[in-house]
Amino acid sequence: MKPTDIKDPDYFHKVVDCQWACPAHTPVPAYIRLIAQGRYGDAYLLNRESNVFPGVLGRVCDRPCEPACRRTRVEEEPVAICRLKRVAADHRDDITDRLPKKPEQSNGKRIALIGAGPASFTVANDLAPMGYECTIFEKLDKPGGLMRSNIPAFRLPEDVLMEELGYILQMGVDLKLGAAIESMKQLQTEGYDAIFVGTGAPRGKDLDLPGRRDAKEGIHIGIDWLESVAFDHIDAIGENVLIIGVGNTAMDCCRTSLRLGAKSVKVMARKPRAFFKASEWELEDAEEESVDITVNHSPKSFVTENGKLIGMMFDVMEYDVDDTGRITDQRVARDVMIPCDDVILAIGQENAFPWIEKDSGIEFDKWDVPVINEKTFESTRRGIFFGGDSAFGPKNIIWAVEHGHQAAISIHKYCHGADLSVRSPDEIEFESAKMGMFEWRYSNAYDASDRRKMEHIALVDRFKKLDIEVELGFSAEQIATEVERCLNCDVHTVFDAPLCTECDACIDICPVECLSITPQASEADLRNIVHAANADQALFTSAPLSFSGRVMIKDENICLHCGLCAERCPTSAWDMQEGVIKIHHASEQKLSAAE
């Protein structure tokens with residue numbers, strides 16, 4: 001096996017599992033250390049460089065970082081990364097004077113952004129400080145896209161959303177509300193140098209079952225219904241409500257129903273809980289509010305009486321599941337009628353582009369989804385870009401943010417005649433964490449504390465108004481404890497082979513036995529020596545050691561980054577160094593012909 005090239009930015013980037021898993025690659029351990037030092041403003045700004053909306057995402061992110069958290073290798077629960085993001089947002093001081101500013105002069109390039117959601121705002125965030133004249137067109141009378149219309153205020157308060165959108169608008173971005181784009185061809189004639197489409201996936205799926213057209217009212221499309229609630233067009237619902245679907249939208253629908261007066265709310269799931277799409281914490285929050293989640297009920301028909309919805313028929317399903325959790329067979333055991341006053345359909349959503357003419361130069365596939373270059377986000381019509389849910393279907397906010405970053409790079413390159421497919425490569429810089437012989441500038445002692453549990457407002461109080469935020473944020477004690485649970489995975493063990501005397505001191509002291517000195521061999525054989533079973537994580541291999549020609553190997557998968565090897569090493573062959581990954585956004589891209 002060849003010696004590991006630690007200067008390859010992806011090598012140590014993958015070791016920081018949380019940052020690697022985040023679509024926007026937010027430097028999680030770095031901002032948690034800033035929180036630990038009480039530097040909340042700095043932590044917020046470090047967050048904002050990549051994810052743009054720390055206050056929003058600290059409340060409603062889907063948290064792809066947390067399942068990847070290295071803490072789960074030593075105990076069940078990951079670090080509360082999302083909640084700590086909110087800590088930085090809630091406790092920061094005034095940072096407005098530290099945000100990017102609108103330049104004194106425009107660069108003469110005009111960009112149209114359709115839809116005032118996270119993707120469009122991210123593009124504007126990246127391009128406006130570079131002198132681009134960005135105009136966002138929004139059909140509704142308030143900005144935010146699905147962050148506003150589909151995430152209830154009891155999860156995401158309006159003032160949190162508007163503050164972070166305001167930071168971007170203050171960069172000189174022009175926001176036109178109540179300005180639906182009716183024709184792409186018309187927009188193309190208005191002199192914009194590039195167009196970005198970030199309209200989300202605004203069409204909720206219907207359920208065409210017997211009885212669907214017989215009920216004059218009482219059957220609602222989930223995302224449309226949530227939008228109507230958000231914009232005060234609906235303020236009540238029947239006492240008995242059925243929610244069809246078990247995604248996150250379904251959880252928002254069921255909890256909103258309770259706040260509009262429903263007495264009984266049932267979420268109807270076609271399959272067992274293991275197949276639910278909703279995040280586990282969303283399910284827990286709904287069940288805390290006494291929502292009944294009913295499994296193995298497949299919708300069969302709507303039951304009406306004199307044009308009024310009175311219930312739904314369901315097939316009660318039985319499933320055979322193999323050892324891998326895969327369904328191998330299914331059958332209907334019986335059917336059952338469940339009475340209700342209203343049904344909310346939350347079974348998915350899809351793209352809708354009725355305003356893009358078929359002869360506009362933008363190709364669509366057989367599902368009427370635009371054909372988009374997955375790297376550049378450009379459509380088949382030069383200069384027209386897509387991002388967020390409108391590009392590749394429903395995902396989540398943090399994916400929309402990353403799409404916005406990448407689309408902004410492409411727009412910048414397109415406007416300057418550069419190759420859209422070429423990105424400035426990521427870089428890594430190392431900074432020693434050493435402060436003294438046995439002192440590090442990070443807390444390297446393992447803290448065995450359990451994950452802190454977010455406190456919620458009392459049940460008796462949370463239903464008084466629709467916009468009472470349920471989660472209260474972390475207390476000072478919870479913050480102090482939770483930051484210590486982070487294993488500082490971005491502070492790496494860096495090995496200097498010529499300094500090693502092969503004394504085995506590091507191997508003796510390693511608490512997880514991830515080190516070994518051994519003759520060079522194939523990767524498979526070296527992995528067997530340290531029981532490195534996770535092939536998704538790298539195996540470090542040093543250059544040949546001076547005394548014996550053997551190599552130092554380390555299983556990156558289980559290393560705790562505790563620094564004991566560096567403290568014990570008598571020759572300083574081991575050092576703890578912070579690896580700072582530099583990911584280049586639009587303003588840092590090269591535009592030369594050679595890129």
Side-chain angles (χ1 to χ4, degrees), residues 1-33 50 64-65 67-73 402 423-434 440 442 444 486-500 506 510 512-518 520-545 550-563 565-566 569 572-584 588:
M1 183 178 176
K2 293 181 179 180
T4 299
D5 179 12
I6 67 169
K7 293 183 180 179
D8 174 5
D10 279 356
Y11 176 77
F12 275 139
H13 192 183
K14 280 186 68 176
V15 173
V16 191
D17 299 72
C18 51
Q19 185 178 16
W20 182 261
C22 174
H25 301 309
T26 303
V28 173
Y31 80 69
I32 291 178
R33 281 196 300 277
S50 53
C65 54
C69 176
R70 191 178 294 267
R71 184 84 184 192
T72 60
R73 293 171 172 83
E402 175 58 12
R423 266 40 178 173
S424 297
D426 295 344
E427 298 173 308
I428 185 169
E429 298 176 356
F430 290 101
E431 300 176 1
S432 179
K434 185 171 287 187
W440 310 104
Y442 73 103
N444 69 321
C486 178
L487 298 178
N488 296 284
C489 297
D490 62 339
V491 181
H492 306 287
T493 51
V494 176
F495 184 69
D496 189 350
L499 295 179
C500 180
C506 56
C510 178
V512 292
E513 300 182 352
C514 67
L515 298 173
S516 183
I517 298 176
T518 182
Q520 181 61 279
S522 68
E523 180 175 352
D525 289 340
L526 294 178
R527 282 186 173 275
N528 286 333
I529 291 170
V530 286
H531 308 291
N534 185 359
D536 292 333
Q537 273 294 350
L539 180 75
F540 171 80
T541 305
S542 75
L545 302 178
R550 296 183 299 169
V551 293
M552 176 74 73
I553 61 174
K554 179 167 78 80
D555 180 8
E556 295 287 11
N557 186 55
I558 61 172
C559 174
L560 295 176
H561 299 235
C562 63
C565 55
C569 181
S572 297
W574 287 107
D575 190 17
M576 302 304 296
Q577 297 185 14
E578 180 181 356
V580 181
I581 305 294
K582 184 63 177 177
I583 298 172
H584 302 284
E588 300 151 327

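- Not one N or O on the side chain of D575 forms a donor-acceptor pair closer than 3.5 Å with the backbone of Q577.
- V530 is not listed as a side-chain neighbour of C514, based on a closest heavy-atom distance of 4.5 Å or more.
- Annotation for S572 and L499: closest pair O-CD1, 3.7 Å, computed over non-hydrogen atoms.
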- [ ] Please lay out, stage by stage, how V28 and C22 fare under the test side chain to side chain contact (heavy atoms under 4.5 Å, CB included).
- [x] CA-CA 9 Å; V28 173; C22 174; 5.7 Å; no
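- Using cut-offs of 30° and 60° for the angle between ring planes, the W20 and H13 rings count as perpendicular.
- Within a 6.0 Å sphere centred on CD of E431, other residues, nucleotides and ligands contribute more than 12 heavy atoms.
- Residues forming a ring pair (Phe, Tyr, Trp, His ring centres under 6.0 Å) with F540 (at least two apart in sequence, or on another chain): none.
- Residues S50 and I583 form no side-chain contact, since every pair of their non-hydrogen atoms from C-beta on lies 4.5 Å or further apart.
- The side chain to side chain contact (heavy atoms under 4.5 Å, CB included) test with C18 is passed by exactly one of P67, P64, C489, P29: P29.
- Among the candidates H561, R70, R33, the single residue satisfying the side chain to side chain donor-acceptor pair (under 3.5 Å) test with N488 is R33.
- Minimum heavy-atom separation, L539 to Y11: C-OH, 4.2 Å.
- Side-chain contact, H25 with E402: no donor N or O sits under 3.5 Å from an acceptor N or O.
- Counting only distance, with no hydrogens or angles, the side chain of K14 and the backbone of D536 share a donor-acceptor pair below 3.5 Å.
- Between F430 and F12, the angle of the ring planes goes over 60°, which puts this pair in the perpendicular group of the 30/60° scheme.
- A donor-acceptor contact shorter than 3.5 Å links the side chain of Q520 to the backbone of M1.
- Looking only at distances, no side-chain donor or acceptor of S542 sits under 3.5 Å from a matching main-chain atom of V551.
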